[in-house]
Amino acid sequence: MNSIDDVSVGDTVSREQTPTRAQLFRYSAITWNPHRIHYDTKYASDVEGHPDVLVQAHFHGAVMQGLLMDQFGPEGQLTDLGWQNVGRAIPDEPLTVGAEVTSVNESTGHVKFDVWTESSEGRCAEGTAAVKLPASE
Amino acid sequence: MSSEIDPGDYEDRLETTERWEYGVLTRRDARRYARSVEDENPLFHDVEYAREHGYDDVVVPPNFLSAIIDPTEGCPASELREDGLDPNQFPIDMPSEVILMGGGQDLTIDRYATAGSSLTIEETFVNIYQRESSSMGVLTFLEQESEYIVDGDERVLRCEATMIVGDRQ
């Protein structure tokens, strides 16, 4: 799916991954994020009332980005990505990331999407994105 | 508590911009960020592959730039808040016993930054307001707009971000 001709409104892509505690540690490290809710289970639960340590808010954007950039290959350009964090995700639980095509502009090559992440508890993040694809040859 | 925050106290801070020189984005930055989310896109990892597709070096995952929580070295550990965060990273005087949540981001990606670029971040505090939540009481919303500029003059990314301040439950 790397040309505008290959894309139609309603097309949906998704995949599942399970963030691990080691992944969350690495993500906090590379983003210089010392927030204890991402690595201190006792603090996260006893002080802030979360069920466990939490997957970082930006992590959800990263997996949306990864899905779209993988799906459309190096010729596709991610131009917009927006999301709101609407629920919590915890490590060692499956997290599904998905995208659905909502519009295709064949003259500009822009494809717009609804994007989301969800766990067994429901939506964790949701928003919109846009990718610019090359015109068909 | 979030309700202790008076948005009116911060009107004079709105539209103020802070600027940081992050330094050079390295191949290791790009690869480590991608690896942290198990993203094996060769644009992020393989220099030759990136060059074959028109980039001068590996691509830096776009939302890495806006995911950087603190572009500085941060405060000494002894000065971190109980929640682990640096008290200097907020545009307001943050009460101690509150919960801080990332509310989301809107990214406009002008082009992909590549390794070797020198990054400057300009962050502007644009809004503060409060809403009553049925389950969490008064929530305070902080909105910031950031521009990510490479090599001194080219914007590669714009980010509108919301931080939510709530009370411990």
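Chain naming here is simple, since letters A, B, ... match the order of the sequence lines and numbering starts at 1 in each. The shown structure was predicted, so the numbers you read here are calculated from the model rather than taken from an experiment.
- Taking both residues in full, the closest heavy atoms of A:Gly76 and B:Tyr112 are given as O-OH, 3.7 Å, listed atom of the first, atom of the second, then distance.
- A donor-acceptor pair under 3.5 Å is formed between the side chain of A:Arg36 and the backbone N or O of B:Glu82.
- Other residues, nucleotides and ligands contribute over 12 non-hydrogen atoms within 6.0 Å of the CZ atom of A:Arg15.
- Open room surrounds CD on A:Glu106; 12 or fewer heavy atoms of other groups in view lie less than 6.0 Å from it.
- In the displayed structure, B:Trp20 atom CH2 is contacted under 6.0 Å by more than 12 heavy atoms of other residues, nucleotides or ligands.
- When the shell of 6.0 Å around CZ of B:Phe90 is examined, it contains more than 12 heavy atoms from other residues, nucleotides or ligands.
- By the 4.5 Å heavy-atom criterion applied to side chains, A:Arg26 and B:Arg35 are counted as neighbours.
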Next on the checklist: Using side-chain contact (heavy atoms from CB on, under 4.5 Å), reason through B:Glu38 and A:Gln23 one step at a time and then give a plain yes or no.
Outcome noted: CA-CA 8 Å; B:Glu38 300 297 316; A:Gln23 265 188 279; 3.4 Å; yes

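- With a 4.5 angstrom heavy-atom cutoff, A:Gln56 does not touch chain B via any of its atoms.
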Please list, one pair per line, the donor and acceptor atoms closer than 3.5 Å that link side chains of residues 88-102 of chain A to other protein atoms, with sequence neighbours excluded.
from: A:Arg88; atom 1: NH1; to: A:His50; atom 2: ND1; distance (Å): 3.1
from: A:Asp92; atom 1: OD2; to: A:Arg21; atom 2: NE; distance (Å): 3.1
from: A:Thr102; atom 1: OG1; to: A:Lys112; atom 2: O; distance (Å): 3.2

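- Listed in order of number, the residues of residues 59-69 of chain A that approach chain B to under 4.5 Å between heavy atoms are A:Phe59, A:Gly61, A:Ala62, A:Gln65, A:Gly66, A:Met69.
- When heavy atoms are compared at a cutoff of 4.5 Å, A:Val86 does not approach chain B at all.
- Residues B:Val150 and B:Val24 are members of separate hydrophobic clusters, defined by side-chain heavy-atom contacts under 4.5 angstrom among Ile, Leu, Val, Met, Phe, Trp and Tyr.
- In terms of heavy atoms, A:His35 sits closest to B:Asp83 at CD2-O, 3.3 Å.
- A continuous path of Ile, Leu, Val, Met, Phe, Trp and Tyr side chains, each step under 4.5 Å between heavy atoms, connects A:Phe72 with A:Val115, placing both in one hydrophobic cluster.
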Next on the checklist: Evaluate B:Leu85 against A:Asn33 for side-chain contact (heavy atoms from CB on, under 4.5 Å), listing each step before the verdict.
Outcome noted: CA-CA 8 Å; B:Leu85 292 169; A:Asn33 182 351; 4.2 Å; yes

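- Atom CD of B:Glu79 has more than 12 heavy atoms from other residues, nucleotides or ligands within 6.0 Å.
- We find the CG-CG distance between A:Asp80 and B:Leu107 to be 8.5 Å, quoted to the nearest 0.5 Å.
- Placement of B:Ile5 and B:Leu139 in two distinct hydrophobic clusters is found when ILVMFWY residues are connected by side-chain heavy-atom separations under 4.5 Å, directly or transitively.
- Inspection of non-hydrogen atoms places B:Asn41, B:Leu43, B:Phe44, B:Tyr49, B:His53, B:Tyr55, B:Pro61, B:Pro62, B:Asn63, B:Phe64, B:Ser66, B:Ala67, B:Ile68, B:Ile69, B:Asp70, B:Thr72, B:Glu73 of residues 41-73 of chain B under 4.5 Å from chain A.
- You'll find the side chain of A:Val47 reaches within 4.5 Å of the side chain of B:Arg168, heavy atoms only.
- No single ILVMFWY cluster, assembled from side-chain heavy atoms under 4.5 Å apart, contains both A:Trp83 and B:Leu142.
- The number of heavy-atom neighbours closer than 6.0 Å to CE of B:Met1, taken from other residues, nucleotides and ligands shown, is 12 or below.
- Of the two parts of B:Asp39, only the side chain, counted from C-beta on, holds a non-hydrogen atom closer than 4.5 Å to a non-hydrogen atom of chain A.
- Annotation: residues 121-128 of chain A contacts chain B through no residue [non-hydrogen atoms, separation under 4.5 Å].
- If you chain together hydrophobic residues whose side chains sit under 4.5 Å apart, B:Ile121 and A:Ile30 fall into the same group.
- In this structure, chain B has a heavy atom under 4.5 Å from the side chain of A:Tyr43, while its backbone stays farther away.
- Neither the backbone nor the side chain of B:Ile164 comes within contact range of chain A; no heavy atoms are under 4.5 Å apart.
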